[in-house]
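The structure appears right after this line, and notes come after that.
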Amino acid sequence: MRTETGQVFKLKDYKPTDFVVETIDLTFELDPTATRVVSRISLHRRDGVAADAALVFDGDELALDSLQLDGQGIDPSLFEATPHSLSVRGLPASGRFEITITTTLSPQTNTQLMGLYRTNGVYCSQCEAQGFRRITYFYDRPDVLAVYTVTIIARESETKFLLSNGNFVDGGPKDAGRHYATWFDPHPKPSYLFALVGGDLGLIEDSFTTMSGRDVALKIYVEHGKEDRAGYAMDALKRSMKWDEEVYGREYDLDIFQIVAVSDFNMGAMENKGLNVFNDKYVLADPDTATDADYANIEAIIAHEYFHNWTGNRITCRDWFQLCLKEGLTVYRDHTFSADQRSAPVKRIAEIRLLKAHQFPEDAGPLAHPVRPETYREINNFYTATVYEKGSEVVRMIRTILGPDDFRKGMDLYFERHDGDAATIEDFLACFAEASGRDLKQFALWYSQAGTPSVSVSTDWNEPKKTFKVTLEQSLAPTPGQSRKALMHIPLAYGLILPDGTEFDGQPSGNETENGVFHLTRRKQTFTFSGVPGRPVLSINRGFSAPVTVAMEQSDADLAHIARHDSDGVARWQALNEQATRHLVAASKLCRDGRNLPSAKDLAELLVATAANESLESAFRAQALALPAESDIAREIGSNIDPDSIHKAREAVLSEVARFGVAVFARLADSAPKGDYSPNAEDAGKRALAGAAMAYASIAESSPGRAKAAFDAADNMTMLSQALQVLAQSFPAAGETGEALASFKTRFSGDPLALDKWYAVQAMMPGDDTWERVEGLLESEDFDRSNPNRVRALIGGFSAGNPTGFNVASGAGYRLLAREVIDIDKRNPQLAARLLTAMRSWRSLETGRQEQARLALVSIREAGDLSPDVSDIVDRMLAG
Ligand code: TRP
Ligand code: ZN
C-alpha cells in the first residue's frame, strides 16, 4: 500500500532548515539488489534554533540499517526511522557534529526511475525533484547546499566506468574483482543535482578551452557500438559552451564535463553538476536513424542542460515553487541559442506553435497554474509547459520591456549577486528592476496569475485627418483557485503596414509606447498615430511579444497584406496562420452542422504563392505550408468540440490547397538536397519543404504512389519518416502503407529509437478503429512497458497526437488510456501521470464524448492505490 498523505505544500510556508549541512561524504557499494549506501554528513544547528529541536530528514521507501553520531551508536529512544523520514533528537546545541546513515537499496527493482536504478545493466541515478531521498535520508530540498565527496565501489567486470559529480580524485582496484572511484565536487549543491553512474559503456572524448584558457575534458558515454552516433551531441556541447561565454560571459567551472546517455529515462535530460544524464533519444543521432527534428532537439537539449550550469546549478532555487527560476530562464537561453545557430524566425515560429499547442490548453483547462505555483501536492506534476515554455516567454518579455542592454545588465547582476545562492523569483526580478530603473511590480503578475490573457484590438482610420487609432483592452478569465484577476503589463510589439507595403515610422501620442511596443498596463488604452499617409494595416503582437490571444476583426485582405509585406518574418507567418486558422475554424463548424464548406481558394493562393517564393528560406516556406493541426483548430473552437468534423474539414481544405498548387507541389516534392546528408539548418529546411510538398502532391493525386516511391528511395531517416507519415496520415488503409510499415519494422527492429517512430506513426493514424491497432501493438513482443520512450511513442502518440482516433465517440480510446495509466502507475507514477494529462481538455468536447471521458477518469479515481502523481492529476481534472 502506498502512504498517500494528500499533503498540500504551500509557497507561503517556506522555512529554512533547523540544521545547516556543511559536507556530505557518500560511499556506494553497487549491487543489483543490495547496494549499500553510507552517508556521512557534517552539520551544525542553525543560530537561534531551540536546543531541543530534532533533526528531521526526508526519506522515500527507505529502510535504515544503522545510524551513528560522531562515530558512535545512538540510543534507539533518541531516533525514529520510517520509510519516509528519519528524526533524531538530543543533538549538540552548538558546534559541528557528524551523522552517519547506512541504507540498502535495490536499483534493479526500482521501476520508478527515480533515485538509484538500473537501465540496460547500467546503474544510474535521477534525483530531481525528490529522488535523493530514495537513496539516503537527507534534507532533500533545493535550499540545502553541500559539498559532496562520493566514492563508488563495484565489480569491475560490470562497471568499467564509475562516475559522479565534480572532478575525479582517485580510483583503482579493490578486493574480490571490485574497483573504486572517488569524485569531489567543490561547488556546494542541492541534493537534486547529485548523480551517480556505474556501467560498462562506450566513450567518446573531446576537449574545450574556456575563455580564460582552462582545458575542460568532455566525455560522452553511450551504449557500446553507438559511439559514432554521439558526434553531433559533442559538437552541440562545444557550441553551447562557446555561446554561453560569448552571449552571457559564463564560463564552465570544473575540469571535466560528462554526459551519459541511458535508454530508460522519465524526461529529456538532467543537468546534474558536471555529469548530465540524458535520455539517449537526445544524444544519439545518425542520418539513418534520426530525423532533422531529432538533430534539432539534441542541439537544444544539450544546450539546455549545459546552460543550467549557471542558471540552475550555480544559482539554484530556494524551493520547488521557484522551479521556473531555473527552467523558464534556461528554456529562454536554449531558445535564443538555437535561434542563433539556425534561422531565428523559423525557430520562433516553432516556439509559438509549441506554446499554443501545449501551454495554451493547459492554461485554459483544469490543470491551469501560475508560472510560479503557490501550492502543490506532487511537484513532479509541475514540470509543465506553463513552468517551462510560458516561463521562458516571461523572461523574453522582460528583455522586450528592458531592451537588450539593460536585460544583459540585469542578467550580469543576477549572476554576480546570487552566485552560490538558492534564489527566488523576487531576487531575479529585483536584478532587472535595479539594472534598468524600472518598476516591475505589475509585470510580476505574470508569475502569479494563471491563464492566457486576451487582448481585444480595435482600430479606427480617419482618412481626412490621416489619423489612426488603436484601442487595446485586456481581460483574463478565472482559473482554478483564482476567481479574480488583476490587470497585467502586456508588451505588444506592433507595426503599421502602409498600402505600399512599407512601414509607418511615426510614434503615437503619449508615453506608453517604446521601440515599437505598446505597453498595455490598464484595462483599456488608445494609441493615436497622426500623419499617417494612407490607411495602414496593424500588425500586432509581432513575433509573439506576449503570450496572449488577440481578438481583432481583421479582413482576409488585411491579413494577406501583412503576410506579403511585413518586414518581420514571424509576423508574416502569424498573419498566414491566422487566416488559415480562421478558415479552418469556420469550415469545421459548418461541417459539424452538416453544411457545405466555403471555398479555400484565397487561402490556397496565399499558401501556394509562399511555397513558390524562392526569395524566402525553405524552412519558412515549409512552416507556412503546415496548416494548423486538428488540435489547434479544436483549441480555437474552444467548446462543444467534435474531432471528426474538424478532421473532415481540415482534410477538405488540404485537398483544395493541394489541387490548387499541384504543379508547384510536384516540382518542390523533388527539391530535397541530393548527396551526403548534413543536419544543417539549411538542408533541413529544404527537406522540410520537399516533405510538405510531397504530402500535398500526394493528396492532389489521391494516390499513395508518390509517397511509397519516396519511401523506397529515401536514403536518410528524415525522408523515410516523412514518406511513412504521408502514407499513414493520408492513406491509412492502402496496401502501400502496410508494405512500408512492414519494411520499416524489419529494417529497424534492432534499433529501439528508430522503432519508436514505427509505433508513433501508427498510433497517430486517423480513424475510429485506430484504438484496435493500438491494442494490437500493446501486445506486440517489442512493446516494452518499462521503457518510457516506447510507452510515450505508442500510448502518448495515440492519446496526445491522434484527435480522431483517441476521441472515438464510443469512448474506447479513453478506456484504453485509463487502463494503461492504472497499470503503468504501479511501476512508474511519473510516467503514468504525464500520459494522463492528454485528457486535460476533456470538458471542451461535445457532450457525448465528455461523458465517456468523465467515466474513464472516474474509473481511474476509483481504481484505488493510486500514486500521489496520478491521483493529483485525476482529482484536479475532475474538480469543478
Ligand atoms: N531539470 C530537468 C531539465 O529540465 C528535467 C527534469 C526534472 C527531469 N525532473 C526530472 C528529468 C526527472 C528526468 C527525471 O533539464
Ligand atoms: Zn531544465
Side-chain angles (χ1 to χ4, degrees), residues 345 349 352 455-472 492-506 508 516 518 527-529 532-544 549-590 596-613 615-616 620-621 623-628 632-633 636 649-650 652-654 656-661 664:
I349 292 166
I352 297 169
V455 177
S456 68
V457 185
S458 58
T459 59
D460 178 38
W461 167 239
N462 187 323
E463 176 75 45
K465 289 197 179 144
K466 305 288 180 212
T467 60
F468 185 66
K469 280 190 189 172
V470 178
T471 301
L472 306 176
L492 290 162
Y494 71 90
L496 265 47
I497 321 288
L498 295 168
D500 67 356
T502 63
E503 193 171 329
F504 179 66
D505 61 4
F518 294 134
F527 301 84
T528 307
F529 296 83
V532 186
R535 187 186 81 90
V537 173
L538 176 66
S539 172
I540 187 88
N541 203 17
R542 258 184 170 174
F544 217 62
T549 56
V550 170
M552 171 162 54
E553 300 278 325
Q554 206 163 25
S555 68
D556 279 358
D558 281 358
L559 286 173
H561 192 67
I562 300 174
R564 291 217 166 82
H565 300 293
D566 200 309
S567 58
D568 183 87
V570 182
R572 287 199 301 275
W573 172 81
Q574 287 174 286
L576 260 179
N577 189 251
E578 175 63 26
Q579 192 170 341
T581 304
R582 266 191 208 181
H583 185 90
L584 287 160
V585 165
S588 301
K589 287 180 176 165
L590 289 167
N596 286 339
L597 300 191
S599 155
K601 177 139 179 303
D602 291 348
L603 180 63
E605 229 163 33
L606 203 52
L607 291 179
V608 173
T610 308
N613 184 345
S615 72
L616 301 171
F620 180 89
R621 291 149 75 196
Q623 283 285 5
L625 284 181
L627 284 188
D632 295 316
I633 304 166
E636 296 297 325
R650 187 174 181 276
V653 173
L654 276 175
E656 203 175 332
V657 174
R659 278 181 277 115
F660 181 86
V664 171

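Just so you know, residue 1 is the first one in the sequence shown, and it goes up from there.
Atom CG of Leu576 is separated from atom CD of Gln574 by 10.5 Å, given to the nearest 0.5 angstrom. The CG atom of Leu654 lies 8.0 Å from the CG atom of Leu584; values are rounded to the nearest 0.5 Å. How far CD1 of Ile349 is from CZ of Phe620: 5.0 Å, rounded to the nearest 0.5 Å. The line from CD of Glu605 to CZ of Phe660 is 4.5 Å long, rounded to the nearest 0.5 Å. Note that CZ of Phe544 and CG of Leu492 are 10.5 Å apart. Values are rounded to the nearest 0.5 Å. The structure places CG of Leu472 at 10.5 Å from OH of Tyr494, a figure rounded to the nearest 0.5 Å.
Residues Trp461 and Lys466 meet the side-chain proximity criterion, which asks for heavy atoms closer than 4.5 Å. The shortest distance between side-chain heavy atoms of Arg542 and Ser567 falls below 4.5 Å.
Judged by distance alone, the side chain of Gln554 and the main-chain N or O of Leu538 form a donor-acceptor pair under 3.5 Å. A donor-acceptor contact shorter than 3.5 Å links the side chain of Arg650 to the backbone of Pro628. A donor-acceptor pair is defined here as one N or O able to donate and one able to accept, closer than 3.5 Å; no such pair exists between the side chain of Gln579 and the backbone of Asp602.
Judged as a salt bridge (Lys or Arg N to Asp or Glu O under 4.0 Å), and not counting sequence neighbours, the contacts of Glu578 are Arg582.
With His561 as the partner, the side chain to side chain contact (heavy atoms under 4.5 Å, CB included) test is satisfied by one option alone out of Asp556, Ile497, Leu498, Asp566: Ile497. If you run side chain to side chain contact (heavy atoms under 4.5 Å, CB included) between Phe468 and each of Asn462, Thr528, Thr459, Asp460, only Thr459 comes through.
More than 12 non-hydrogen atoms from other residues, nucleotides or ligands lie less than 6.0 angstrom from CD of Glu463. Residue Asp505 places its CG atom among 12 or fewer non-hydrogen atoms of other residues, nucleotides or ligands, all under 6.0 Å distant.
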### Message
Could you walk me through whether Leu616 and Arg572 satisfy the side-chain contact (heavy atoms from CB on, under 4.5 Å) test, starting with their C-alpha distance in whole Å, then the side-chain angles of each, then the deciding distance to 0.1 Å, before giving a yes or no?
### Response
CA-CA 11 Å; Leu616 301 171; Arg572 287 199 301 275; 3.9 Å; yes
### Message
Could you go through Leu627 and Ile633, starting from their C-alpha distance and side-chain angles, then the distance that decides it, and tell me whether this counts as side-chain contact (heavy atoms from CB on, under 4.5 Å)?
### Response
CA-CA 10 Å; Leu627 284 188; Ile633 304 166; over 6 Å; no
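Minimum heavy-atom separation, Leu606 to Ala563: CD2-CB, 4.4 Å. Listed here is the closest heavy atom pair of Gly661 and Val608: CA-CG2, 3.7 Å. Of all heavy-atom pairs between Ile562 and Ala571, the closest is CG2-O, 3.9 Å. Nearest heavy atoms, Leu597 versus Ala587: CD2-O, 3.3 Å.
Salt bridge Arg659/Glu656: absent, no basic N to carboxylate O contact under 4.0 Å. Here Asp558 pairs with Arg535 in a salt bridge; the nearest charged N to carboxylate O distance falls below 4.0 Å.
Side-chain atoms of Glu636 and Thr581 include no donor-acceptor pair closer than 3.5 Å.
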